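One structure is given below, encoded as structure tokens.
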Amino acid sequence: MSGKLFHITTFGCQMNVYDSEKLSERLRRKGWKPAADREEADFVFFNTCSIREKAARRVIGGLQRLKPLKAKNPQMVLGVGGCVAEQEGRNLLAEIPWLNLVAGPGRLDEVADLLDGLTADMPPAVLAGRPETTEQSGLTPDVPAADAPDHDETPAPLSAFLTIMQGCDNYCAYCVVPYLRGRETSRPSEEILREARDLVRRGAAEIVLLGQNVNSSGRPGRRGGQDFVALLKDVAAIEGLKRLRFTTSHPKDFSPELVELFGQLPPLCEHVHLPLQAGADAVLKAMGRRYDRARYLDLVARLRAACPEVALSTDLIVGFPGETEENFQETLTALEIVRFDSIYSFKYDDRPQTKASTLPDKVPEEEKARRLALVQELQKNLTLAKHRTLIGRTVEVLAERPARRPGQLAGRTRDNKIVNFEAPSELVGRLVRTTVVEAWPVSLIGRLAEEERPERLERTARAAQAPARLP
Ligand code: 5AD
Ligand code: SF4
């Protein structure tokens with residue numbers, strides 16, 4: 001097996017990014033090496049997303065374009081994982097007959113072992129649903145890396161994802177996730193903490209706790225899982241961890257104790273992603289979100305009272321079945337009232353099995369497009385106005401990677417804004433202070449503060465303390 005090359009392409013959410021990272025860790029441990037591109041790989045894997053139709057179609061298109069590659073290299077093993085694999089299962093094999101492996105999101109941890117005995121001329125393997133053995137924690141047992149940290153010296157990402165729960169029990173009317181990722185289950189907190197410590201030891205400065213609904217863990221009526229607030233406190237206490245984030249949280253599960261944590265727990269960053277989905281009560285009700293506009297706005301007010309500098313982002317869907325023009329206007333007014341720092345907005349899509357797909361009064365495609373454009377135009381102006389107020393302010397940035405423009409680095413502020421700034425590459429991995437000099441709708445331009453310039457850093461104790469960094 002040694003010397004074989006793999007190539008993974010990840011679509012969709014951060015949980016897929018985490019799952020792909022775990023799969024590559026497992027493969028590397030078995031002697032596989034990452035391929036520079038797909039052409040030279042022995043194993044090509046697509047980890048896919050099915051949340052909206054466009055995402056799913058893109059995956060199928062991508063797979064179809066692999067046909068010539070497969071023709072050139074018939075021994076290449078081609079696999080599809082994630083939500084499209086779960087949803088389409090064997091249908092995918094009919095559509096893409098040169099596929100060798102299909103694995104749903106709950107079965108990805110079996111892929112590396114399966115490859116030991118799978119060649120391109122064998123009948124394809126299909127793994128879907130949840131295996132019995134993971135019933136208890138709801139997640140696959142952790143990879144040996146975290147069990148035997150001394151043996152894994154692969155550097156962790158500077159900002160590392162950590163999945164703490166899987167699945168979702170909310171069954172929002174539009175959402176396919178509960179059908180694809182299954183019922184909600186939390187990982188045991190000792191396992192989460194062990195993995196978090198290991199990530200920090202391997203160089204992660206920031207941890208992002210992930211789940212479809214992270215803040216429901218430990219809430220009344222939920223199976224298993226430590227209280228989310230207690231978990232945040234435990235992770236935040238890990239020595240060496242600079243920043244802690246979590247996503248996604250559901251407004252209905254956002255406890256007063258969680259609100260109070262902002263501004264109190266030093267590594268916890270001042271940013272909350274809080275999906276609103278729609279501004280009108282009638283639409284929220286039809287969506288099955290279990291909060292109304294007033295309750296959402298109250299939560300925002302309480303968060304800002306607890307931590308005035310907290311940044312807020314959200315998800316919005318326009319054109320849910322039955323959404324009237326009047327309803328839609330309430331989404332626009334909600335944007336004006338809250339003044340989010342950023343939003344992700346989508347046209348409603350019918351998804352298989354969902355309640356909304358059976359509802360009458362579908363909004364025509366052109367109307368959805370019109371509403372989406374209005375939402376995005378409004379938010380662009382609001383974000384830009386917000387960004388402009390930052391000009392002249394000095395902000396802490398985690399220098400994450402070289403920016404697209406040569407000579408610049410890119411990083412994020414604690415409140416999750418992207419900052420590009422001129423700096424030498426040896427500052428990657430450091431927390432630096434930059435002064436905002438320009439504001440754009442999606443990012444800021446910063447200037448490295450005087451005291452952060454490398455010639456000075458070398459003379460300060462701070463440079464010696466900076467974490468050892470990525471390749
Ligand atoms: N149509 C449009 N957007 C959707 N989302 C989830 N399901 C759908 C759908 N059927 C959006 C929601 C969710 C985000 C991840 O994707 O806004 O929060
Ligand atoms: Fe989907 Fe709603 Fe669950 Fe989020 S909370 S994953 S939108 S069902």
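Counting starts at 1 for both ligands and their atoms, following the listed order. Counting from 1, the numbers follow the sequence of the chain as shown. Fair warning: this is a prediction, and the values are worked out from it, not measured in the lab.
Screening Asn170, Asp169, Asp253 against Ser216 for a side chain to side chain contact (heavy atoms under 4.5 Å, CB included) leaves a single residue, Asp253.
In terms of protein heavy atoms, atom 3 (Fe) of ligand 2 is closest to Cys168 SG, 2.2 Å. Asp315 OD2, 3.5 Å is the protein heavy atom nearest to atom 14 (C) of ligand 1. For atom 5 (S) of ligand 2, the closest non-hydrogen atom on the protein side is Asn170 ND2, 3.3 Å. In this structure, the protein non-hydrogen atom closest to atom 16 (O) of ligand 1 is Arg52 NH1, 2.7 Å. The protein atom (non-hydrogen) at minimum distance from atom 6 (S) of ligand 2 is Gln212 CG, 3.5 Å. Scanning the protein for heavy atoms near atom 6 (C) of ligand 1, the closest one is Ile51 CG1, 3.5 Å. The nearest heavy-atom contact from the protein to atom 17 (O) of ligand 1 is Gln277 OE1, 2.7 Å. Among protein heavy atoms, atom 8 (S) of ligand 2 sits closest to Cys172 N, 3.3 Å.
Using a 3.5 Å distance cut-off with no hydrogens or angles, the side chains of Tyr348 and Glu323 do not pair a donor with an acceptor. Side-chain contact annotation: Thr185 with Gln166, donor-acceptor N/O pair under 3.5 Å absent.
Interface atoms of ligand 2 facing Tyr171, defined by a heavy-atom separation under 4.0 Å, are 8 (S). In the vicinity of Tyr348, heavy-atom distances shorter than 4.0 Å reach the ligand 1 atoms 1 (N), 2 (C). For ligand 2, the atoms closer than 4.0 angstrom to any heavy atom of Tyr174 are 7 (S). Annotation for ligand 2: atoms under 4.0 Å from non-hydrogen atoms of His250 are 5 (S). Close approach to Arg351 involves these atoms of ligand 1, each under 4.0 Å from a residue heavy atom: 10 (N). Set against the non-hydrogen atoms of Cys175, the atoms of ligand 2 under 4.0 Å away are 1 (Fe), 6 (S), 7 (S), 8 (S).
Heavy atoms of Asp349 found under 4.0 angstrom from ligand 1 belong to the backbone as well as the side chain. At a heavy-atom distance under 4.0 Å, atoms from both the backbone and the side chain of Tyr174 approach ligand 1. When non-hydrogen atoms are compared, ligand 2 lies under 4.0 Å from the side chain of Pro178 (C-beta onward) but not from its backbone.
The distance from atom CD of Glu309 to atom CZ of Arg304, rounded to the nearest 0.5 Å, is 11.5 Å.
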ask   = Which is it for Thr333 and Arg293 under the side-chain hydrogen bond (donor to acceptor under 3.5 Å, both in side chains) test, yes or no, and what are the steps along the way?
value = CA-CA 11 Å; Thr333 57; Arg293 176 187 176 95; 2.9 Å; yes
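A donor-acceptor pair under 3.5 Å links the side-chain atoms of Arg187 to the main chain of Thr163, judged by distance alone.
Nearest residue to atom 4 (C) of ligand 1 from Ile317, Asp350, Thr354 is Ile317 (criterion: closest heavy atom).
With a 6.0 Å radius and a threshold of 12 heavy atoms from other residues, nucleotides or ligands, Lys233 has its NZ atom at or below the threshold. The number of heavy-atom neighbours closer than 6.0 Å to NZ of Lys355, taken from other residues, nucleotides and ligands shown, is 12 or below. Summarising the local packing, CD of Glu325 is surrounded by more than 12 heavy atoms from other residues, nucleotides or ligands at distances under 6.0 Å.
At least one heavy atom of Arg289 sits less than 4.0 Å from an atom of ligand 2. Within the structure, the closest approach of Lys347 to ligand 1 falls below 4.0 Å when heavy atoms are considered.
The aromatic ring centres of His273 and Tyr344 sit less than 6.0 Å apart. Separation of the Phe11 and Phe46 ring centroids falls under the 6.0 Å cut-off.
Using cut-offs of 30° and 60° for the angle between ring planes, the Tyr291 and Tyr296 rings count as tilted.
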